[in-house]
Amino acid sequence: MSHPYEQYLKETLIDEQTLQQRVRELGETISADYADCPDLLLICILKGGVMFLTDLMRHVHVPHAIDFLAVSSYGVGVRESGGQVRIDMDLKAQVEGRHLLLVEDIIDSGHTLRFVMDFLQARHPASLKLCALLDKASRRTVDIQIDYTGFEIEDKFVFGYGLDLDEKFRNLPFVGVVNLDALANG
Ligand code: IMP
Ligand code: MG
């Protein structure tokens, strides 16, 4: 049976089992690092980070809270990034004096995360770290330190596992490379 996403899939980049294994490892590392942390807050960046957050938190065995921050980037093409960043939905939680761990799907130029980290740092958290599932390191134009990285990937446009293709297919349990020809024709 064929699925609607198949026409846009060039190849599977990271399969479900590999993803789940790595997410478990990240959760265990984070659990060890924050073992004595009294007030951990995982902050998911919407919408791309949502699958990653929900899987990751199952493996974070330190008591923690979660919250959500929605951001969007403007000023450049749809499949480019690096323009203006805007906060679409702010956190509900107070963050002053708390230990924050940002959970993001992918770091590309680094623009979005630089903006978000500066935005949060201004509220004086006790600490602020970054966990990103995917790192397109070769695309970086803004200096940013990723404390926990799932996978470093090549400069290819990917979708699935939280990442969208024109807002769809975030539900796929794997990360796939987009077939740009199919996208251009359809
Ligand atoms: P940055 O500001 O250039 O680091 O862009 C980060 C944001 O761009 C991510 O949070 C994603 O929303 C989006 N993005 C970057 N690369 C991809 C991709 O390959 N597929 C889907 N979204 C992407
Ligand atoms: Mg994102």
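The first residue in the sequence is number 1, and the count goes up from there. Order of appearance sets the numbers: ligands from 1, and atoms from 1 within every ligand.
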Please verify the inter-ring angle class for Phe115 with Phe119; under 30° counts as parallel, over 60° as perpendicular, anything in between as tilted.
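The rings of Phe115 and Phe119 lie parallel, inter-plane angle below 30°.
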
Geometric N/O contact Phe157 with ligand 1, under 3.5 angstrom:
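Among all N and O atoms of Phe157, none is under 3.5 Å from an N or O of ligand 1.
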
Any N/O pair Ser73/ligand 1 closer than 3.5 Å:
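No; every N/O pair is 3.5 Å or more apart.
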
For Asp108, the option from Arg140, Arg139, Lys156 that meets salt bridge (charged side-chain N to carboxylate O under 4.0 Å, His left out):
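With Asp108 as partner, salt bridge (charged side-chain N to carboxylate O under 4.0 Å, His left out) holds for just one option, Arg139.
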
Who's closest to atom 11 (C) of ligand 1 heavy-atom-wise, of Asp164, Leu46, Ile106?
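Result: the heavy atom closest to atom 11 (C) of ligand 1 is in Ile106.
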
Nearest heavy atom to atom 4 (O) of ligand 1: which of Ser72, Gly162, Gly110 does it belong to?
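Ranked by closest heavy atom to atom 4 (O) of ligand 1, first place is Gly110.
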
Is the closest heavy atom of Arg139 to ligand 1 under 4.0 Å?
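No; Arg139 lies far enough from ligand 1 that no heavy-atom distance drops under 4.0 Å.
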
Atom indices of ligand 1, in the order listed, that fall short of 4.0 Å to a heavy atom of [X]:
X	result
Leu163	20 (N), 21 (C), 22 (N)
Glu104	10 (O)
His111	2 (O), 4 (O)
Thr112	1 (P), 2 (O), 5 (O), 6 (C)
Lys156	19 (O)

NZ of Lys129: more than 12 outside heavy atoms within 6.0 angstrom?
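More than 12 within 6.0 Å, yes.
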
Can you establish whether the number of heavy atoms outside Arg123 located under 6.0 Å from its atom CZ is more than 12?
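More than 12 heavy atoms, drawn from other residues, nucleotides or ligands, come within 6.0 Å of this atom.
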
Decide yes or no for Leu46 and Leu69: does some side-chain heavy atom of the first lie under 4.5 Å from some side-chain heavy atom of the second?
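They are not in contact (no side-chain heavy atoms under 4.5 Å apart), so the answer is no.
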
Does only the side chain of Asp105 get under 4.0 Å from ligand 1, or the backbone, or both, or neither? Count heavy atoms.
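For Asp105, only side-chain atoms sit under 4.0 Å from ligand 1.
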
Do we see a donor-acceptor contact under 3.5 Å between the side chains of Gln21 and Glu25?
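The answer is yes; a qualifying pair exists.
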
Tell me every residue that passes side chain to side chain donor-acceptor pair (under 3.5 Å) with Arg86, counting only those two or more places apart in sequence or in another chain.
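Counting only residues at least two positions away or on another chain, Arg86 forms a side chain to side chain donor-acceptor pair (under 3.5 Å) with Tyr74, Asp88.
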
Please test Lys136 against Glu152 for salt bridge (charged side-chain N to carboxylate O under 4.0 Å, His left out), starting from the C-alpha separation and ending with a verdict.
CA-CA 6 Å; Lys136 279 189 195 172; Glu152 186 176 321; over 6 Å; no

